[in-house]
Visitor: 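There's a structure below that I have some questions on.
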Amino acid sequence: MEDDRHMSLDRIGVVVIGRNEGERLKRCLRSIPSKYQVVYVDSGSIDDSVEFAHSTGAIVVELDDRLGFTAARARNAGWRRLLDQDPDTSFVQFIDGDCEVAAGWFCKALSAIRSDDHLAIVFGRRRERFPERSIYNKLCDDEWDVPVGIVSECGGDALIRATALRDADGYSDDLIAGEEPDLCLRLSRFGWHVRRIDAEMTLHDANILQFSNWWKRAKRAGFAYAAHVSHHGAQSLPNWRRALMSIVFWGLALPSSILVVAAASAPLASDVAGILMAALTVLYLIQAARITWRKRCSGQPWGFSVTYGGLLLIGKFAQVSGVLRHWSERLFRRRQSLIEYK
């Protein structure tokens, strides 16, 4: 009774975003308790997403494709529509349309965020629904398992104070990826904090079954790192600056410098190029071994750790393609478009 009384005082609204999620969206909307007002924001679906959302009683917002689709723009449209509908909404739970909410999440999240007036965002454990179906799904499940406590960023599923959203004026509409860390960084400048709590939050269905889809997802991540650092410069999140430097070093600078030296030396010594390429291979193998060992020390099995190390290093090349795409679009001031992996 105590939790129900407080939850009636602190109103929670729910914003779900999606695009052609099909059965995943149906599971998502069905998992939300009926007592919460839901706004579903659709980004140009051609399946029955809009019709099904209407059938659940959700408020449906269909984005105009002339402005381009981004998750940030969808979330902004959702929380603003929600607060227009009910200005007394205290908290907004954002959920991606390919996620199902865990039972008991809302009570645990509300209890945590009410315990600290400096908390803008609370989120919990997002898990993959089918980690056993592919190594790529399992990698996603591992990625979601961030430390419990005060952190610098969150993902797409999170409970956020309405006052904090107003302070930051929501997400940055123009970001095609990395909009959550961008919001967290801007909120920190107002003195707000972000916390991961030890509670089950959502089941996510990445459905990444092929290498090509995983490559596209890694490319999008590289784009996000570059966009974040370009936008915030020296004020960007330190871990995102480090990640960008790592991507550029392993995915571009190191192989490019080796190839340039090998090409310049080839007329003088025919075996120099071979030696340099062998040295490059050894460097990558050593780095993969270092990553593997760190993951093994975190408690993961050897098999997963080895695969993790190899794919993480290979992913640098996918990520650097995303970095180069961002730099090119920024240089030539081209309109950014979504990088979809499903």
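Atoms considered below: every heavy atom in the structure, side chains included; atoms not considered: hydrogens, waters and symmetry mates.
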Visitor: Tell me whether the count of non-hydrogen atoms from other residues, nucleotides or ligands lying under 6.0 Å of CG in D198 goes above 12.
Guide: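 Open.
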Visitor: Run through H228, E329, Q319 and flag the one making a side chain to side chain contact (heavy atoms under 4.5 Å, CB included) with F223.
Guide: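 It is E329; the other options fail the test.
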Visitor: Report yes or no: does S172 contribute a side-chain atom to a donor-acceptor pair with the main-chain N or O of L175 at less than 3.5 Å?
Guide: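 Side chain of S172 to backbone of L175: no pair is present.
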Visitor: Does T56 form a side chain to side chain contact (heavy atoms under 4.5 Å, CB included) with V38? I'd like the steps, not just the answer.
Guide: CA-CA 9 Å; T56 67; V38 177; over 6 Å; no
Visitor: Is any side-chain heavy atom of V92 closer than 4.5 Å to one of L159?
Guide: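 No, too far: nothing below the 4.5 Å cut-off.
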Visitor: Just jot down the side-chain hydrogen bond (donor to acceptor under 3.5 Å, both in side chains) partners of R27, sequence neighbours excluded, or say none.
Guide: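 With sequence neighbours excluded, R27 shows a side-chain hydrogen bond (donor to acceptor under 3.5 Å, both in side chains) to D205, given in chain and number order.
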Visitor: Checking the side chain of S230 only, and the main-chain atoms of A226 only, is there a donor and an acceptor separated by less than 3.5 Å?
Guide: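 Yes; judged by distance alone, with no hydrogens or angles, the pair exists.
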Visitor: Before we go on, tell me: are the rings of F91 and F106 under 6.0 Å apart, centre to centre?
Guide: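 Not under 6.0 Å, so no.
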Visitor: Less than 4.0 Å between a side-chain N and a carboxylate O, is that true for R80 and D169?
Guide: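 Salt bridge: yes.
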Visitor: Between W327 and F332, is the side chain to side chain contact (heavy atoms under 4.5 Å, CB included) condition met? List the steps.
Guide: CA-CA 9 Å; W327 287 349; F332 296 104; over 6 Å; no
Visitor: Would you say R220's side chain and A177's backbone share a donor-acceptor pair under 3.5 angstrom?
Guide: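 Looks like no, no N/O pair under 3.5 Å.
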Visitor: Hey, are K138 and E132 close enough for a salt bridge, meaning a charged N less than 4.0 Å from a carboxylate O?
Guide: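 Salt bridge absent between K138 and E132.
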Visitor: So, H204 versus W144, ring centres under 6.0 angstrom or not?
Guide: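 Yes; W144 has its ring centre under 6.0 Å from that of H204.
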Visitor: Once side-chain hydrogen bond (donor to acceptor under 3.5 Å, both in side chains) is applied, do any residues pair with N76, and if so which ones, sequence neighbours excluded?
Guide: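 In terms of side-chain hydrogen bond (donor to acceptor under 3.5 Å, both in side chains), with neighbours along the sequence ignored, N76 is linked to W79, D173.
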Visitor: Apply side-chain contact (heavy atoms from CB on, under 4.5 Å) to F249 and list each qualifying residue two or more places apart in sequence or on a separate chain.
Guide: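 Applying side-chain contact (heavy atoms from CB on, under 4.5 Å) to F249 gives L254.
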Visitor: Nearest 0.5 Å please: distance from the CG atom of D47 over to the CZ atom of R19.
Guide: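 Going from CG on D47 over to CZ on R19, the span is 10.0 Å.
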Visitor: Okay, side chain of R241, backbone of S236: is any donor-acceptor separation there less than 3.5 Å?
Guide: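 Yes, the answer is positive, given that a donor and an acceptor are paired below the 3.5 Å cut-off.
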Visitor: E153 and side chain to side chain contact (heavy atoms under 4.5 Å, CB included): which partner among N239, V146, L183?
Guide: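 Per the side chain to side chain contact (heavy atoms under 4.5 Å, CB included) rule, the option paired with E153 is N239, out of N239, V146, L183.
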Visitor: Quick check: closest heavy atoms across I208 and C140, and the distance to 0.1 Å?
Guide: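 In terms of heavy atoms, the two residues are closest at CD1-SG, 3.9 Å.
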Visitor: Pick from D157, D142, D145: which one makes a salt bridge (charged side-chain N to carboxylate O under 4.0 Å, His left out) with R125?
Guide: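 With R125 as partner, D157, D142, D145 yield a single salt bridge (charged side-chain N to carboxylate O under 4.0 Å, His left out), made by D145.
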Visitor: With side chains defined as the heavy atoms from C-beta onward, is the minimum distance between D86 and R11 less than 4.5 Å?
Guide: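 A side-chain contact exists here, since the closest heavy-atom pair is under 4.5 Å.
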Visitor: To the nearest 0.5 angstrom, please state how far the CD1 atom of I176 sits from the CZ atom of F69.
Guide: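 It comes to 14.5 Å.
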Visitor: Would you check if the side chain of S256 reaches a backbone N or O of L252 as a donor-acceptor pair within less than 3.5 Å?
Guide: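 The answer is yes, because a donor-acceptor pair under 3.5 Å joins these two groups.
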Visitor: Is there a donor-acceptor pair closer than 3.5 Å between any side-chain N or O of S188 and the backbone N or O of L185?
Guide: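 Here the side-chain-to-backbone pair exists.
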Visitor: I need the I113 CD1 to S90 OG distance, nearest 0.5 Å.
Guide: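 So the gap between those two atoms works out to 10.0 Å.
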Visitor: Only one of T89, I59, L165 forms a side chain to side chain contact (heavy atoms under 4.5 Å, CB included) with L82, so which one is it?
Guide: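 The option that passes is T89.
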Visitor: Applying salt bridge (Lys or Arg N to Asp or Glu O under 4.0 Å), which residue pairs with at least one partner in residues 184-193 are found, sequence neighbours left out?
Guide: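 Salt bridge (Lys or Arg N to Asp or Glu O under 4.0 Å) check on residues 184-193 returns D182-R186.
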Visitor: Would you list the atom pairs, donor with acceptor, under 3.5 Å between side chains in residues 311-318 and any protein atom, with sequence neighbours excluded?
Guide:
{"from": "K316", "atom 1": "NZ", "to": "S246", "atom 2": "OG", "distance (Å)": "3.0"}

Visitor: What's the shortest heavy-atom distance between Y36 and I12, and which atoms?
Guide: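 Closest approach of Y36 to I12, heavy atoms only: CD2-O, 3.6 Å.
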Visitor: Looking at residues at least two apart in the chain, or sitting in another chain, which of them share a side-chain hydrogen bond (donor to acceptor under 3.5 Å, both in side chains) with Y136?
Guide: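 None.
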Visitor: The criterion is side-chain hydrogen bond (donor to acceptor under 3.5 Å, both in side chains); which residues satisfy it with D96, sequence neighbours excluded?
Guide: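 For D96, the residues satisfying side-chain hydrogen bond (donor to acceptor under 3.5 Å, both in side chains) (neighbours in sequence not counted) are R75, R126.
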Visitor: Kindly indicate, with the supporting measurements, whether the criterion side chain to side chain donor-acceptor pair (under 3.5 Å) is fulfilled by Q85 and R81.
Guide: CA-CA 6 Å; Q85 178 75 15; R81 179 67 179 84; 3.2 Å; yes
Visitor: Listed by chain and number, what are the ring-ring contact (aromatic ring centres under 6.0 Å, His included) partners of H231, not counting sequence neighbours?
Guide: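 Here no residue qualifies.
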Visitor: Sequence neighbours excluded, which residues qualify as side-chain contact (heavy atoms from CB on, under 4.5 Å) partners of A243?
Guide: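 A243 satisfies side-chain contact (heavy atoms from CB on, under 4.5 Å) with Y225 once adjacent residues are dropped.
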Visitor: Applying ring-ring contact (aromatic ring centres under 6.0 Å, His included), can you list everything that pairs with F211, at least two apart in sequence or on another chain?
Guide: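 For F211, the residues satisfying ring-ring contact (aromatic ring centres under 6.0 Å, His included) (neighbours in sequence not counted) are W214, W215.
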Visitor: Quick one: closest heavy-atom pair of S305 and T292, and the distance?
Guide: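 Heavy-atom minimum between the residues: O-OG1, 3.3 Å.
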Visitor: What distance do F123 atom CZ and T202 atom OG1 have between them, rounded to the nearest 0.5 Å?
Guide: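 F123 atom CZ to T202 atom OG1 measures 10.5 Å (nearest 0.5 Å).
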Visitor: Is a salt bridge present between K26 and D48, judged by a nitrogen-to-oxygen distance below 4.0 Å?
Guide: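 So K26 pairs with D48 through a salt bridge.
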Visitor: Take atom CG in L331; do more than 12 heavy atoms of anything else shown fall under 6.0 Å from it?
Guide: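 Correct, the count exceeds 12.
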Visitor: Take W240 and H232 through the test side chain to side chain contact (heavy atoms under 4.5 Å, CB included) and record every step on the way to the result.
Guide: CA-CA 11 Å; W240 279 56; H232 294 287; over 6 Å; no
Visitor: What's the separation between atom CG in D42 and atom CD1 in I17, rounded to the nearest 0.5 Å?
Guide: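 Result: 10.5 Å between the selected atoms.
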Visitor: Identify the two heavy atoms, one from N137 and one from P131, that lie closest to each other, and give their separation to 0.1 Å.
Guide: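 The pair with the smallest heavy-atom distance is CB-CA, 3.9 Å.
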Visitor: If the condition is ring-ring contact (aromatic ring centres under 6.0 Å, His included), which residues does F52 pass it with, not counting sequence neighbours?
Guide: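 Once residues adjacent in sequence are excluded, F52 has no partner under the ring-ring contact (aromatic ring centres under 6.0 Å, His included) criterion.
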Visitor: Where is the tightest heavy-atom contact between K108 and A199, given as atom of each residue plus distance?
Guide: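 K108 and A199 have their closest heavy atoms at CD-CB, 3.8 Å.
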Visitor: Test C184 against C154 for side chain to side chain contact (heavy atoms under 4.5 Å, CB included), laying out the working first.
Guide: CA-CA 7 Å; C184 293; C154 68; 3.7 Å; yes
Visitor: Could you check whether any side-chain N or O of R296 sits under 3.5 Å from a backbone N or O of Q300, counting only pairs where one atom can act as donor and the other as acceptor?
Guide: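 At least one qualifying donor-acceptor pair exists.
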Visitor: How close do C28 and V16 get, counting heavy atoms only, and between which atoms?
Guide: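 So the two residues come closest at SG-CG1, 3.8 Å.
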Visitor: Check whether any side-chain heavy atom of R195 sits under 4.5 Å from a side-chain heavy atom of D116, and report yes or no.
Guide: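 They are in side-chain contact.
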Visitor: When Ile, Leu, Val, Met, Phe, Trp and Tyr are grouped by side-chain heavy atoms lying under 4.5 Å apart, directly or through other members, which residues fall in the same group as W293?
Guide: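 W302, V306, listed by chain and number.
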Visitor: Any side-chain to backbone donor/acceptor pair from E128 onto A206? Under 3.5 Å, distance only.
Guide: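 Checking the backbone N and O of A206 against the side chain of E128, a donor-acceptor pair under 3.5 Å is found.
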Visitor: Could you state the interatomic distance from NZ (K295) to OG1 (T307), rounded to the nearest 0.5 Å?
Guide: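 It is 12.0 Å, given to the nearest 0.5 Å.
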Visitor: Would you indicate whether the side-chain heavy atoms of Y308 and I291 approach each other to under 4.5 Å?
Guide: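 Yes - at least one pair of side-chain heavy atoms lies under 4.5 Å apart.
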